[in-house]
Number of protein chains: 2
Amino acid sequence: MAQQWLDEQQQRTWRAWLTVAELVPRVLDAQLQRDAGISHAAYVVLAMLSEAPGRSRRMSDLARRANQSQSRLSHTVARLEDRGLVRRERSAEDGRGNLAVLTDDGWDVVRAVAPGHVDAVRAALFDPLTEEQSRALGEALEVVVERLDPDHSLRVEHGADAAR
Amino acid sequence: MAQQWLDEQQQRTWRAWLTVAELVPRVLDAQLQRDAGISHAAYVVLAMLSEAPGRSRRMSDLARRANQSQSRLSHTVARLEDRGLVRRERSAEDGRGNLAVLTDDGWDVVRAVAPGHVDAVRAALFDPLTEEQSRALGEALEVVVERLDPDHSLRVEHGADAAR
DNA sequence: CCCAATTGCTTGAGACTTCAACATCCTGAG
DNA sequence: CTCAGGATGTTGAAGTCTCAAGCAATTGGG
């Protein structure tokens, strides 16, 4: 509860945060939509798969890494599956589990669009910053992540059902 | 287009950004939804109106300040109007213009929910940071804003139709 | 004065996200 | 072995955002 309001400096930071948090996704979505017809959330999923062993991951693992709820990921993957970029397989070890697998078409899309995406990220976020500012930004963000998600579990749903 | 990839430090910063950009809105939306049944985007609109002279602003002005496209703001205000928190008036000087006006009910909602919202913002973003980190974060974000939106006009639609 | 271009805003459709309910499979206590 | 409870995913509906199209008012060049 502490003090009631933000101080002057915090207010400026907060407004800048709101603006950047609104603008950056817009810029990236626009680039990805134009170049590959996919959303940023979908791109992150494809990118995570492209880095994974066997180009595949369990849905829950993928959801955690892509910062998406399981439900959202399920829909996202369903759309990617419709477009033939991803395929789903039931897990062998655990019959509940589902594996998302990047198809060859999906791989091609990632390869084709990644460089432009990286350029867009750099242009939007890193180019304006000095080395020192970039480092400081990273440090601050990592501290915040640590607070918001202490055990790096990002359990989005079913999470902490204490009060009820 | 310069180097192809992000360096090690930039990658970490970028991943932290993605996580924070996903988690912070989730936390704030949850708090506002619970306490007032409104989204964060809607809260920002109400807050902007509550600070405005006459508790009212032109739609386009409001859209700019709330970092929303005109279309999105139009939908947002329509929903707020349905709930009786905002009222719309045609502008006197410019017959095209529309004025969004905060109603008494809307004012009450802002008053009631603002303290808890500020607490949530502080808890999520500022509490984990030292004074110095907070200042550095603000500086970095402001530099990025300056790049993304040089003339502070945030013209979201009709924007820069050079390439076509 | 006149109308074509521009500005301000709204609308509807489609894409995406959230939320709650559900189905399925696994695990472990008895 | 059995079944209750937990874990993993999916689904459908409702809410929200984006995009393109459209309407109404204003402006400026002829």
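Here is the naming used below: chain letters follow the sequence lines, and residue numbers restart at 1 for every chain.
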If you find the nucleotide of DNA chain C closest to B:Ala30 and the one closest to B:Ser74, which residue's nucleotide is nearer the 5' end? B:Ser74
Any donor-acceptor pair under 3.5 Å linking the side-chain atoms of A:Ser134 with those of B:Gln9? yes
Heavy-atom pair of closest approach, residues A:Pro25 and A:Val20: CD-O, 3.8 Å
Ignoring hydrogens and angles, are the base of C:dT17 and the side chain of A:Arg72 linked by a donor-acceptor pair under 3.5 Å? no
Within the structure shown, what part of the strands sits under 4.0 Å from B:Ser39 by heavy-atom distance: base, sugar-phosphate, or nothing? nothing
Ring centre gap for B:Trp14 and B:Trp5 strictly below 6.0 Å: no
For the side chain of B:His75 and the base of C:dG12, is some donor closer than 3.5 Å to an acceptor across the two? yes
For a quick check of understanding: with a heavy-atom distance under 4.0 Å over all strands, which category does A:Arg90 fall into, base, sugar-phosphate or nothing? nothing
Walking DNA chain C from its 5' end, the first of A:Arg96 and A:Gln33 to be reached, judged by nearest nucleotide, is A:Gln33
Compare the minimum distances between each of C:dT17, C:dT10, C:dT7 and the side chain of B:Met59, then state the nucleotide with the smallest one. C:dT10
Rounded to whole Å, please give me the gap between CG in B:Asp94 and P in D:dT27. 6 Å
So what does A:Asp29 touch, heavy atoms closer than 4.0 Å: a base, only the sugar-phosphate, or nothing? nothing
Just by distance, no angles: are the side chains of A:Asp7 and A:Gln11 close enough, under 3.5 Å, to form a donor-acceptor pair? no
What nucleotide, of D:dA25, C:dT17, C:dC9, holds the atom closest to the side chain of B:Arg58? C:dC9
Which is true for A:Ala41 with a 4.0 Å heavy-atom rule: it touches a base, it touches only sugar-phosphate, or it touches nothing? sugar-phosphate
Should the side chain of B:Ser71 and the base of C:dT11 be counted as holding a donor-acceptor pair, with the cut-off at 3.5 Å? yes
